[in-house]
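Ligands are counted one by one from 1 in listed order, and the atoms in each one are counted from 1 as well. These figures come from a predicted structure and were not determined experimentally. All residue numbers refer to positions in the sequence shown, counting from 1.
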Amino acid sequence: MNSPLQTQISEVLQKLEALLDRLPEKVAKEVRQEIREFRQLLVETRSPRFALVGRRGSGKSSLINAIFGRKVAEVGHEKAQTGAATWWPYAGEYGTIEMLDTRGLQEGSRPDEADSAASPIESINAALKAKAPDIILFLIKATEADSGINADLEALKEISQTVEKVHNYQPPLLVVATHCDTLEPKNVRLHKPDEEDPDDLKEKRDRVTAIENLLRAKIESDPYLKEHLITVIGVSSYQSWKNDTLRSDERWRIDELLHYIFNELPKEGKLAFARLSQARTLQESIANRLTQVVAAICGGIAAVPIPIGDIIPITSLQITLIIAIAYVAGRQLSSQSAKEFLTAIGATISAGLVLREIARASVKILFPGVGSAVSAGIATTATLGIGKAAIAHFIQKTSLQNARRIFEGERKTINNEK
Ligand SMILES: Nc1nc2c(ncn2[C@@H]2O[C@H](COP(=O)(O)OP(=O)(O)OP(=O)(O)O)[C@@H](O)[C@H]2O)c(=O)[nH]1
Ligand SMILES: [Mg+2]
């Protein structure tokens, strides 16, 4: 996330933390935890990092393109890595992935053009020491799964152990069988299942499953790798471009792979991944989490037994939530636009809401305990409604009108609760 936004959000969070001393310790502790998660997801967000293990032509560059859904890496006939292996950023329109190509390890020799003093293995180790990969991805052509892969497995182990030793972090391992579309029957399109003969389709899918099982058995024969293995998944990464225009998209099960990756990423990498992959379900998942976290924080703040003073941080938090959700979807909103969104869905001009805020403040003065509980409920539900409306509009790309209806639906819940 760019720095003005980060600064803005950090400031809101700091103001909030200053307020927490006035909360009962138990509530304060919970809110502090939510703030911590919000920080990790949003402020400390960074590019995800993957170590790629895979022979030449196994489809490493294609997989990177498949994740982005656009051409960010050159496919095929790329020169062997020149010089030292380094973390390499691949940037799409909505974010960057850092990749470490570890090809030198399992080939055990210098690539043709390497003329640096360091051997590939030394330079890979140096890169692994500089930064830990979040996940190790092992790619192998589905058609080569039954060939000798001992050298590959040794490379996997060496990488994993180096990371564990240096960073005290055990990177999860995802095994990807690429080129599944090329399995027999060749002309059956896995990515167009509805248009294929069910029996033929089944035959092809069974082959994929058999290859996955074979690979899993090989990996699991090594206790160390077994412990780190998340899953084995067969995919097709095939896309074809003509002058940077996508002319055919034969990706299969990349969505599923994206989910596995997303689940294994640390909190700091999730938002960037959901954004750059433009995978809507991942964006929804992180936006829902952000909404829950902010709603819980708002509820906590509203429970502070002081009147009116809390309305300001609650509104800025809700604005922050809208900006964050739009950001996840790939947009940069100003505070002004976020406020306009609040107005458009009826969350600020809503007289009811304003009146309730005032009523809430008075109740607090008269009956502090009761008022706090009621206002905490209202703040939580209103924030959930704002989050849902923002998800509908910015991620699911539905109209403002629809977003407004969704928010109003939540408000009815508020009224029913009262
Ligand atoms: N049919 C099919 N072709 C694929 C798939 N993945 C990659 N390819 C093709 O395989 C060839 C090699 O793919 P790359 O992505 O360049 O492989 P790489 O691992 O980056 O290769 P190096 O950079 O040389 O190590 C290209 O012609 C790709 O189009 C796949 O899932 N299905
Ligand atoms: Mg490549």
(message) If we count only N and O atoms by modelled type, under 3.5 Å, do the side chains of Glu34 and Gln292 hold a donor and an acceptor together?
(response) no
(message) For Glu212, run the salt bridge (charged side-chain N to carboxylate O under 4.0 Å, His left out) check against Lys218, Arg253, Arg205 and tell me which one passes.
(response) Arg253
(message) Taking Arg207 first and then Glu203, would you say they form a salt bridge - that is, a charged N and a carboxylate O separated by under 4.0 Å?
(response) yes
(request) Looking only at distances, please establish whether an N/O atom of ligand 1 is found under 3.5 Å from an N/O atom of Glu74. (result) no
(request) Ignoring hydrogens, just give me the one of Glu250, Arg56, His179 whose non-hydrogen atom is nearest atom 5 (C) of ligand 1. (result) His179
(request) List every atom of ligand 1 that sits less than 4.0 Å from any heavy atom of Ser62, numbering the atoms from 1 in the order shown and giving each element. (result) 6 (N), 7 (C), 8 (N), 13 (O), 14 (P), 15 (O), 28 (C)
(message) I'd like to check whether Cys180 has a polar contact with ligand 1, where a contact means an N/O of the residue lying under 3.5 Å from an N/O of the ligand.
(response) no
(message) Quick test of your reading of the structure: of Ile64, Leu190, Val75, whose heavy atom lies closest to atom 26 (C) of ligand 1?
(response) Val75
(request) Taking only Lys NZ, Arg NE, NH1 and NH2, and the carboxylate oxygens of Asp or Glu, determine whether Lys157 and Asp222 approach each other closer than 4.0 Å. (result) yes
(request) Report yes or no: do Gln283 and Arg280 form a side-chain donor-acceptor pair below 3.5 Å? (result) no
(request) Out of Ser237, Gly57, Ser58, indicate the one that has the non-hydrogen atom closest to atom 12 (C) of ligand 1. (result) Gly57
(request) Show your working on side-chain hydrogen bond (donor to acceptor under 3.5 Å, both in side chains) between Glu93 and Gln278 and close with a plain yes or no. (result) CA-CA 10 Å; Glu93 194 176 348; Gln278 286 291 297; over 6 Å; no
(request) Cation-pi check, Lys388 to Phe407: give yes when NZ or CZ is under 6.0 Å from the six-membered ring centre and within 45° of the ring axis, no otherwise. (result) no
(message) Under a 3.5 Å cutoff, is there a donor and acceptor pairing between the side chains of Thr7 and Ser10?
(response) no
(message) If the cut-off is 4.0 Å to any non-hydrogen atom of Asp181, which atoms of ligand 1 fall inside it?
(response) 1 (N), 2 (C), 30 (C), 31 (O), 32 (N)
(request) Show which atoms of ligand 1 fall inside a sub-4.0 Å distance from at least one heavy-atom site of Gly59. (result) 7 (C), 13 (O), 14 (P), 15 (O), 17 (O), 18 (P), 19 (O)
(request) Output yes if Ser62 passes the N/O/S-under-2.8 Å test against the Mg ion (ligand 2); output no otherwise. (result) no
(request) Heavy-atom contacts with Arg55 under 4.0 Å: which atoms of ligand 1 show up? List them by number with element. (result) 19 (O)
(message) Between ligand 1 and Ser236, can you find any atom pair, the residue atom being a heavy atom, that is separated by under 4.0 Å?
(response) yes
(request) Check ligand 1 against Thr182 and write out every atom of the ligand that is under 4.0 Å from a heavy-atom position of the residue. (result) 1 (N)
